[in-house]
K.L.:
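Below are the structure tokens for one structure; questions will follow.
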Amino acid sequence: MMNMLKRVYHSPTMMSWASYFIRFGSALFVLPLILKLFTPVEQSFWFFINTIIGFAMLADSGFGGTLVRAVSYFHAGAEYLPRNKKEYDEIDKIEQGEPHFRNLVNLLTTANRIYIYLALFAVLILSTGGIAAVWNIFELSGHQTDIWVGYLIVIPYCFVMILEVKWSSLMRGLGYVAEEARFGAFQGLIRVIVFIVLLLLKLSVAYLIGFMLIEAIIRFFYLRWFVLKWFKEHEVVIENKRYFDPVIFRSIWAATWRTGLLFWGAYGIQSGTSILASQLDDPIMMANFLFTMRLFTFILNIARAPFYTNVPKIYKLAAEKDTGNLRKKSSEYMFIGFGVMIAGFVVLALFGNSLLEMLAIDTRFVPFGIFMIIAVTEILDLHASFHATIYTSTNHVPFVLPATISGALIILLGFQIMPLYGILGIVATKFVIQFMFNNWYAPALSLRLLKWPLFKYLYQFPNYGVSFMKEIVQTNIIKR
């Protein structure tokens, strides 16, 4: 039993799941209080906060993901970060050796300057487009003071969150995903307790967001301390903290500008429906849709955890050009994710509204037909995002154009269709556009990179996944 607990404690996936399941405590205990104590407009604002924060985080412009990839390469001993797939194909595979400390230090000092500008850009985004996006909610609330104060607190919160991305990316690239998730789980537990206390005291949404800011500041200093401690333990001295390495920046920028545009397109894809719903004149319909999407996002985050917490391993296998293990490991992580996602959607569809009725809560999930369109769309999008991540291990990002077009079309066509067909028109538009542009493109490129024929993939992918699940059951349950 103790050995099993130790494995859980040190497992990146299990610790990430622990963090997300603590957030389940938020859904279980905090959400009912929010639905009971907040008006539909206040609920809409609270649920829309995640969309606004995601809007501000676009300021990162893809640097975070590229930073993880660069740290993974240099930690594996690489002397150079390939700027595109052509360079990736030309360089020799990396033999496991000592981390390239000089490149890691130069990467850190270069990132220091980059992230100050990115954080200021986040403030600019929130002060302009962010206010425009949430203005309808402001007006429906009669420009309620605590909603305005809550929004103003979001601005410094996002400033700190952008700075935090740098340290989080370094920590993940160095392989300390479990440690980061462990701290996140601890913070999540404290957050649930504090939120419950604040809500029982009948304090406004501004107090909840204020605590989020305090929490972000604490997390920033923890991640910074951890990364600097790693350098100190390896007797690495950072002599010039302001050094800017132009070679490393060019390698990072080659992928980042594409990834940044991709993020903007992806934001339109992922959050476009919520932005459109926030413009509805009906606060109850708005609250129901944003509530549904909040629960879907929660399930999606749990489903993503097995794959994305192991992304440094994926990048390492890609750097070593170990195609066989890359196929196997990525399949295992993806299979668990799909299992979690489908199970979560089924539970919500069968029992979600009944549970809300038992709790005497007026808020409901969207109608079943709309629910199913959203569920199928999210499953197909998750599959595409997994394969896009595998392919970008080459530092080549060819998804900019389809993502940008789709994100723009979802919002532009959604505005035209929403007055005629309401929420159904919004979600159907997203499904059709995603199916046309993105759901097939990333998997096709990824399978080509892995030299994995489609029919062989359709057979081996579930086979790897089932075998992995059997191995987990035999190791952790049957033998015990």
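Predicted, not measured: the structure shown is a model, and the values here were computed from it. Positions are given from 1 along the sequence.
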K.L.:
Using 0.5 Å steps for rounding, measure from the OG atom of Ser127 to the CD1 atom of Ile155.
P.N.:
4.5 Å

K.L.:
Do Gln43 and Leu290 come within less than 4.5 Å of each other through their side chains, counting heavy atoms only?
P.N.:
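The answer is no, as the side chains (C-beta and beyond) never meet within the 4.5 Å cut-off.
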
K.L.:
Does Tyr222 have Arg219 sitting over its ring (NZ/CZ under 6.0 Å from centre, angle to axis within 45°)?
P.N.:
no

K.L.:
Can the ring centroids of Tyr457 and His387 be said to lie less than 6.0 angstrom from one another?
P.N.:
yes

K.L.:
Using a strict cut-off of less than 4.0 Å between a Lys/Arg side-chain nitrogen and an Asp/Glu carboxylate oxygen, indicate whether Glu332 and Arg327 qualify as a salt bridge.
P.N.:
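Salt bridge between Glu332 and Arg327, a charged N being under 4.0 Å from a carboxylate O: no.
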
K.L.:
Kindly check if the number of other-residue, nucleotide or ligand heavy atoms within 6.0 Å of CZ (Phe435) is above 12?
P.N.:
no

K.L.:
Please give me the minimum heavy-atom distance between Phe338 and Ile379, naming the atom from each residue.
P.N.:
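Minimum heavy-atom separation between Phe338 and Ile379: CE2-O, 3.8 Å.
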
K.L.:
Just checking, any donor-acceptor pair under 3.5 angstrom between side chains of Asn310 and Lys329?
P.N.:
no

K.L.:
Ignoring hydrogens and geometry, is there a side-chain-to-backbone donor-acceptor pair from Trp440 to Met436 under 3.5 Å?
P.N.:
yes

K.L.:
Could you tell me if the ring centre of Trp452 sits under 6.0 Å from that of Tyr459?
P.N.:
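Aromatic pair excluded; centres sit 6.0 Å or further apart.
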
K.L.:
Do Phe371 and Phe296 have their ring centres less than 6.0 Å from each other?
P.N.:
yes

K.L.:
Where do Pro402 and Asn438 come nearest, in terms of heavy atoms and distance?
P.N.:
CB-OD1, 3.4 Å

K.L.:
Search all heavy atoms of Ile411 against all heavy atoms of Gly272 and return the closest pair with its distance.
P.N.:
CG1-CA, 4.0 Å

K.L.:
For Glu42 and Leu37, work out which heavy atoms get closest and say how close.
P.N.:
OE1-O, 4.3 Å

K.L.:
Charged N to carboxylate O under 4.0 angstrom, Arg172 versus Glu179?
P.N.:
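Answer for the salt bridge query: no.
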
K.L.:
Given Trp46, which of Tyr207, Phe38, Phe195, Tyr151 fulfils the ring pair (Phe, Tyr, Trp, His ring centres under 6.0 Å) condition?
P.N.:
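Output: one option passes, namely Phe195.
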
K.L.:
Do Glu180 and Ser168 have a side chain donor and acceptor closer than 3.5 Å?
P.N.:
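Yes - a donor-acceptor pair under 3.5 Å links their side chains.
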
K.L.:
Between Phe335 and Tyr464, is the ring centre distance below 6.0 Å?
P.N.:
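No.
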
K.L.:
From the options Trp167, Phe221, Phe183, Tyr176, select the one residue that forms a ring pair (Phe, Tyr, Trp, His ring centres under 6.0 Å) with Phe226.
P.N.:
Tyr176

K.L.:
Would you check if the side chain of Ser169 reaches a backbone N or O of Gly64 as a donor-acceptor pair within less than 3.5 Å?
P.N.:
yes

